[in-house]
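Just so it is clear: chains get the letters A, B, ... in the order the sequence lines come, proteins before strands, and each one is counted from 1.
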Amino acid sequence: MAKEKPDFGNEEVRLKYRHTTSHILAQAVKKLWPEAKLAIGPAIADGFYYDFDLEHKFTDQDLNKITKEMKRITKAGLPLERFELPREEALAFMKEQDEPYKVELINDLPEDEIISFYKQGDFTDLCAGPHMEKTSQIKAIKLTSVAGAYWRGDSDRKMLQRIYGTCFPSQEELDEYLAKIEEAKKRDHRKIGKEMDLFALYDEGPGFPFFMPNGMIIRNELENFWREEHRKRGYEEIKTPLILNEQLWHTSGHWDHYQDNMYFTKIDGEDYAIKPMNCPGAMLAYERKLHSYRDLPIRMGELGQVHRHELSGALHGLMRVRTFTQDDAHIFMLPEQTKDEIKGVIDFIDYVYSLFGFKYHIELSTRPDDSMGSPEEWDRAETALREAMEEKGLEFVINEGDGAFYGPKLDFHLEDSLGRTWQCGTIQLDFQMPQRFDITYIGPDGEKHRPVMIHRVIFGSIERFIGILIEHFAGKFPLWLAPVQVKLLTVTEKFAGYAEKTAERLREAGLRVELDIRNEKIGYKLREARNERCSYIGVIGEREAEAGTLTVRSSKAGELGEMPVSEFEAKLLKEIKDKAV
RNA sequence: GCUGGCAUAGCUCAGCUGGUAGAGCAGCUGAUUUGUAAUCAGCAGGUCGGGGGUUCAAUUCCCUCUGCCAGCUCCA
């Protein structure tokens, strides 16, 4: 029975397979360290893990030892047998086994839940299942790492040891997976950022990235694009200060709800804060004058640099930093304009992400524990976001309790090279700030009314977005973003004159051109130019100098052969104009 | 912040159980004038992340701080 290879294309089968392997991991650990206490061990996206509470710290050698024991268990071909117990017996059983975490899990199960166990050989685990029939169905196992993880994901609880692993129905598939991970690591934006000299982080400023000339090119192009697209969509742009006085942050609610993430300073003995968000500044900008209902919606954009105190362990290249620039905007509108504005922003985000070929998923983050405002206001805001999504026919997952303290939000998540997702775009609906700042517009009735407000970003943070771009394109950026669009290489120094003239012409046309007229072999210069990920390489020798041509190679399309400079120039300008990827 | 690991030249890395450091690439100098992924030679480059301790002697052992990596927590 069930001797055929499991269908790994089927998610249920895959999860079942890996869940069974996590039980085998637990069995092996219990065999080697009987005093280990079992927590939980689910299957996850690319594998599985199991959490243990154990005095002994697992080492890499231990992982090898455990793997050996796991292989012994799979060879033994133990059947997995399910059985159920009434609540009291289940508790007694786990108490007898001295598994306090399992006891806690059982205690927290709903009254009417059937409590089931799976037994393989001398090992039994509390588990809802399902599982494979026999341990021998598990073929290729790799334990990948050990890391700390809080019991029940609660940082106030004990930290356990988590062993991560993965498994496949064949060694070939496992090897293929591991090779893919190795490949993906080469796309790491921290590595490419260093290789292409885009940005740098120094011990002098952990989480405070420096942008180098090549990185600034990408950044400036993105910002130019951002301004142009916002202009088209009826946004105006402002810039608000980095430092504002303490009182403002009391008014906004940041003092009460966001203080742990803020930096503070004193000026002339008065308390000031460095802004962690741009909204309070935008509120002041809005209320500088009276607004008529005819003026709404007002879409006020700002490339606003914020500073947030992130925990040191959370920092990650450009993806998670302590200062970043949000491509922020605050939309002030009539209540009845809410849904259309939300839809407009959804379309805007989709337009930008699609331009780069990004895949993304959307989450609706709801009311957090520490929030401002009434449940009714939150319901109203969540409903508006939900309905806008539903009317657009878009799928989303609910991220319970992850909203901002002032309102719920739609989060747009992009993937890095290893498939980790990062929140980039977000649309947040806010009924709180308008009240707190008492901002108004004059309605048709001549009375003051309260506008509704949206906070939204498209890139999210320029820094994080650049990180995602680097990994997505592995440094081979679309031409319009590429730091070096063209590099001209001479075969010998004799052709330096023609090369310089050509470079001058292309620069004149607006292209970013570098020139390599060094006295080196063409193969050497070519190799260097390719390593620098120049978009186009133009080789210039005797033939080209005579014919007024270039021999062109594209970083994406390979050899393109010889072409007239005019044709080359037109081709590149079109590619830039089209923002081709 | 927490758990574990790591920190040697600009970069990538060697350096067994303690005896004050080495390679490749990059850089500089010279020669080579070259047609699609590395021409040759020479030179220079490091108080071995910071501080403290043990020792006759510490890059190596211990403590501590800082930073980095993976994960957790948190989040754009």
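Side-chain polar atoms of Glu562(A) and Thr549(A) form a donor-acceptor pair below 3.5 angstrom. Donor-acceptor pairing under 3.5 Å is lacking for the side chains of Asp46(A) and Thr166(A).
Summarising the local packing, NZ of Lys476(A) is surrounded by 12 or fewer heavy atoms from other residues, nucleotides or ligands at distances under 6.0 Å. By the 6.0 Å contact criterion, NZ on Lys142(A) is open, its count of non-hydrogen atoms from other residues, nucleotides or ligands being 12 or less. Heavy atoms from other residues, nucleotides or ligands lying under 6.0 Å from CD of Glu395(A) number 12 at most.
Within the nucleic acid shown, Arg464(A) comes within 4.0 Å of at least one base atom, counting heavy atoms only. Ser155(A) comes within 4.0 angstrom of sugar-phosphate atoms only, judged by non-hydrogen atoms across all strands, and of no base. Lys525(A) comes within 4.0 angstrom of nothing in the nucleic acid, heavy atoms only. Counting non-hydrogen atoms under 4.0 angstrom, Gln423(A) reaches the backbone sugars and phosphates but no base. Note on Gly523(A): only backbone sugar-phosphate atoms sit closer than 4.0 angstrom, heavy atoms only; bases stay farther off. Using a 4.0 Å heavy-atom distance criterion, Gly153(A) is classed as a sugar-phosphate-only contact. Residue contacts shown for Ile522(A) are limited to sugar-phosphate atoms, with no base heavy atom under 4.0 Å away. Glu520(A) comes within 4.0 angstrom of a nucleotide base, judged by non-hydrogen atoms across all strands. Here Glu528(A) lies out of heavy-atom contact (under 4.0 Å) with every strand.
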Kindly express the pairing pattern of RNA chain B in dot-bracket notation, using | wherever a base pairs with another strand and counting only Watson-Crick or G-U pairs under 3.5 Å. (((((((..((((.....[..)))).(((((.......))))).....(((((..]....))))))))))))....
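No aromatic stack links Tyr524(A) and the base of A37(B), using centre distance under 5.5 Å and interplanar angle under 30°.
Taking the C1' atom of each, G15(B) and U54(B) are spaced 23 Å apart, rounded to whole Å. Atom name C1', nucleotides A58(B) and G49(B): the rounded distance is 16 Å, in whole Å. Comparing the C1' positions of U47(B) and G51(B) gives an interatomic distance of 14 Å, to the nearest angstrom. Spacing of P atoms, C11(B) relative to A26(B), comes out at 15 Å, to the nearest Å.
In the interface, the side chain of Glu204(A) is not paired with the base of G67(B) through any donor and acceptor atom under 3.5 Å apart.
Within the 4.0 Å cut-off from OP1 or OP2 of C68(B), not a single side-chain nitrogen or oxygen of His316(A) is found. Between Arg530(A) and A38(B) there is no side-chain N or O to OP1 or OP2 distance below 4.0 Å. Taking 4.0 angstrom as the limit, Arg420(A) places a side-chain polar atom (N or O) nearer than this to OP1 or OP2 of A70(B). Regarding contacts with the backbone of A70(B), a side-chain N or O of Arg190(A) is found under 4.0 angstrom from either OP1 or OP2. The phosphate of U12(B) has OP1 or OP2 within less than 4.0 Å of a side-chain N or O from Lys194(A). Under 4.0 angstrom from either OP1 or OP2 of A76(B) there lies at least one side-chain N or O belonging to Lys409(A).
When all heavy atoms are compared, the tightest approach of Leu198(A) to Pro483(A) is CD2-CG, 4.0 Å.
Comparing Gln326(A) and Arg527(A) against RNA chain B, the residue whose closest nucleotide sits nearer the 5' end is Arg527(A). Nearest-nucleotide positions on RNA chain B place Arg518(A) closer to the 5' end than the other of Val491(A) and Arg518(A).
Under the ring-ring contact (aromatic ring centres under 6.0 Å, His included) rule, Phe465(A) has a single partner from Trp226(A), Phe412(A), Tyr360(A), Phe358(A), which is Phe358(A). Between Glu183(A) and the choices Lys185(A), Lys180(A), Lys186(A), the salt bridge (charged side-chain N to carboxylate O under 4.0 Å, His left out) rule is met once, by Lys186(A).
A salt bridge links Glu528(A) with Arg518(A); the closest basic N to acidic carboxylate O contact falls under 4.0 Å.
His254(A) has its ring centre less than 6.0 Å from the ring centre of Phe405(A).
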Distances under 3.5 Å between protein N/O atoms and the N/O atoms of nucleotides 2-4 of chain B, please, pair by pair.
unit_1 : atom_1 : unit_2    : atom_2 : d
C2(B)  : O4'    : Tyr150(A) : OH     : 3.4
U3(B)  : O2     : Gly148(A) : N      : 3.3

